[in-house]
*Asks:* 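Below you will find the structure I want to go over with you.
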Amino acid sequence: MAEKLLELQGISMAFGGLKCIQALDLDVGEGEIVSVIGPNGAGKTTLFNLITGVYQPTGGDIVFAGKSITGLEPHQITRRGIARTFQTLRLFLNMSVRENVMAAAYGHTKAGVFRSMLRTPGMRREEQEIRELAEKRLAFFGDRLMGYRWDQPAYSLSYANRRRLEIARATATNPRLLLLDEPAAGMNPKETQEITDLISLLRTEGGYTILVIEHDMHVVEGISDRVIALNHGIKIAEGSFDEVATSPQVVEAYLGTGGMAKK
Amino acid sequence: MSGGYDDELSRPLEGALEASTSEGPTSPAVGRDEWVARHGDNRTRRGGLLGTVEARLRVVPWWAWLATFVALFCLLPVASDSGYVRRVAFDIAIYMLLALGLNVVVGWGGLLDLGYIAFFGIGAYAYAFLSSDHYGIHLPSFVSIPLVVVIGATTGFLVGLPSRRLTGDYLAIVTLFFLLLFLTVTTNGDDLFGHNVTGGANGLLNADPLSLFGHELPPTLEGGLFNPAYMYVVLAVFVVVYVALRFVNLSRTGRAWRSLREDPLAAEVMGMPVNSLKLMSFAFGAAIAALSGTFVTMLSASVFPLSFSFPLLIIIYTMVILGGSGSQPGVVLGAVLIGTLLELLRDPGDSRVLFYAAIVLGVLGAFRFSVKLAVVVAGTFVFGFVAHSIAGASDNAWVNGSGGEGGGVADFAANWVIVPVHVAAWVAPVSYVSLVALALVLTLLHGWARIALLIPVLYLAAFVWENVMIAQPEPTRYIILGVILIALMIFRPTGLLGEKRVEII
């Protein structure tokens, strides 16, 4: 395995008495695609919220690129190079498609308010760069988000296109690690196939390391270097897709115990 | 106001198509999106003369609109030498500035700031502290105005601090509390720990006029007329603020503001420091409000706590909502429309003409040219004349009460609406309440039943207008603002020039 990019060391998260994540160790190597699976309520999205700083862990440490990011504000973590998409889409619906992506460049751009008021040459140059970056990120999706769609408000997009736009927006923060929360949810089989190809392409062409939550096992099988299975906030299996898929604990978590089934 | 609707938009698409055909499928796109490729054919456009005008107007750049608007505004004092018109023009220019400032907080930041008027007041008082006889400090305008702006921004920053934790209704309550605190302190500020700070209800007097390059600009000309130079100064400030804010809105800061309005969590996770952006938007709005406050103090040479009360807050909010919260041209249009309307409503003649024009346009808009329109118009006319002659036949005192201004409209109203010489005390509340109740019943009815009820309701509306509302212009102004807001919520929730808004899909 390549160098570790993200490392979770004994992370715990509890809401009152409810332990969502318990002493979880997890690492993602540079350039890897790792999938997280598990039944509903297993703590997958909570895991993402912990990594991105939306929640502060009740115990343990999160290390990104060799430095601890525990306790940082979400926007600081994003600037370090972690971007995410949301399972329940959270686009800026009343802004144009292009502006959605341009907005995400905030963290790695500098022009202040007063420079913007005066439209200094430096500010205009930076603005042009942001624009080109956004158009490049949108062009990644082929025709889907091209042309006149750039100036349309995000609410006019179809569900699948909104998912694509969320990915484009996340990549505009220039991340090293991309967290995708159920990228194939709500897509038809053709679009699911497309997103599977796309996630591989995000690694080869975009150079991102990817941690993905997915329920669709075909997608998981198609993309993953490594699969991690969670249940009740505990890691119950880790390894290649085949190893995890045949693991008795995983089968039990999804289908119940064999003993129960026989009765 | 985006220019070049057709040309600009189709160009990138052509480029994209070329790229994908020449290089083959460069992307994982499985199956081309045919609808996108043929989007040009799918777009409907208004035809005829109206369509041509619309297409031409779209190409006009934003600065041309702004320049035309400002030029027309500048002509007002030339076109009319009435001091009243000039004074109203000044007030409207102040409203435009205030609406621009509120638009930053509410329209872009998405923060419900009900303390906004307090910053206006803080600016007005701060100027009076820095340039008047009150403390004997007489700073020149080019020093005191920037100072006031800084003071306004700082207070906005401090009041915005709770917004780090509060959103929506809770923030509204806290800021409203701040406005009330401001009013309480200024009203009782003549004895603040033994010092006379704000002059209390008597306010502060003898504030300095604007001084430009060593020259003092007198607020009134010889003969006591209002000096239109002040209007030009405020208008110039308006242009600077408008352009500066437009540039900010189109920069990364503006995008970040609008992102946090749409979804604060997503904005934060996309790398935008939501808390400091909120504070910045608060400070910006407050600074602009404070800046407007200085001119009001200069012009009237005095400042009173009552000028910054709750009704003014409602007026500014109505302007922003009517014009389209988030749209700069929209809120300016809202300020002009509401500002003019409120002035017209002060005058019984003008407001009478406005009222009947609004009714006619409303009925026309609801029914277009149809049989129903003919029935409603004819029915209402006949209903009125019959009611009027029956009342007149029984006792002349029932119909002889009218006789107001408003030219032909007033003559018509005198022969059509029952206006008794003496209105019994119970008539006003009963007729008003039943008008509201019947208007609500109207919304429950459909078809001809609605039309049958609409006729007496229209007549009742005219009756209430002539007998109750016209006699009390102050409350009438606010009732009309309320009606405008309700109508907007129903027919055009985005405001006149606002972009389409969806909350959650």
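The basis for the numbers below is simple: all heavy atoms, side chains too, and nothing from hydrogens, waters or symmetry mates. We name chains A, B, ... by the order of the sequence lines, and we start the count at 1 in each one.
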*Asks:* With a 4.0 Å cut-off on N to O distance, would you call A:Glu194 and A:Lys190 a salt bridge?
*Replies:* no

*Asks:* State whether a side-chain donor-acceptor pair under 3.5 Å links A:Ser96 with A:Asp151.
*Replies:*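 Judged by distance alone, the side chains do not pair up.
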
*Asks:* For A:Glu127, is it the side chain, the backbone, both, or neither that has a heavy atom closer than 4.5 Å to a heavy atom of chain B?
*Replies:* side chain

*Asks:* Quick one: what part of A:Ala103 sits under 4.5 Å from any heavy atom of chain B, side chain, backbone, both or neither?
*Replies:* both

*Asks:* For A:Tyr55 together with A:Phe15, are the ring centres under 6.0 Å from each other?
*Replies:*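 That pair passes the under 6.0 Å test.
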
*Asks:* What part of A:Glu166 is in contact with chain B, defined as an atom under 4.5 angstrom from a non-hydrogen atom: side chain, backbone, both or neither?
*Replies:*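 Neither part.
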
*Asks:* How far does CG of A:Asn188 sit from OG1 of A:Thr192, to the nearest 0.5 angstrom?
*Replies:* 6.0 Å

*Asks:* Does any heavy atom of chain B fall under 4.5 Å from the side chain of A:Val54, the backbone, both, or neither of them?
*Replies:* side chain

*Asks:* In terms of heavy-atom proximity below 4.5 Å to chain B, should A:Arg115 be classed as side chain, backbone, both, or neither?
*Replies:* neither

*Asks:* If I measure from the heavy atoms of chain B, does A:Thr173 come under 4.5 Å with its side chain, its backbone, both, or neither?
*Replies:*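 The answer is the side chain of A:Thr173.
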
*Asks:* Do B:Arg252 and A:Tyr106 form a cation-pi contact, if we require the NZ or CZ to be under 6.0 Å from the six-membered ring centre and within 45 degrees of the ring's axis?
*Replies:* yes

*Asks:* Check each atom of A:Arg84 against the heavy atoms of chain B and say whether the ones under 4.5 Å are side chain, backbone, both or neither.
*Replies:* both

*Asks:* Just give me the residue among A:Met123, A:Glu191, A:Lys110 that pairs up with chain B most often, heavy atom to heavy atom, under 4.5 Å.
*Replies:* A:Lys110

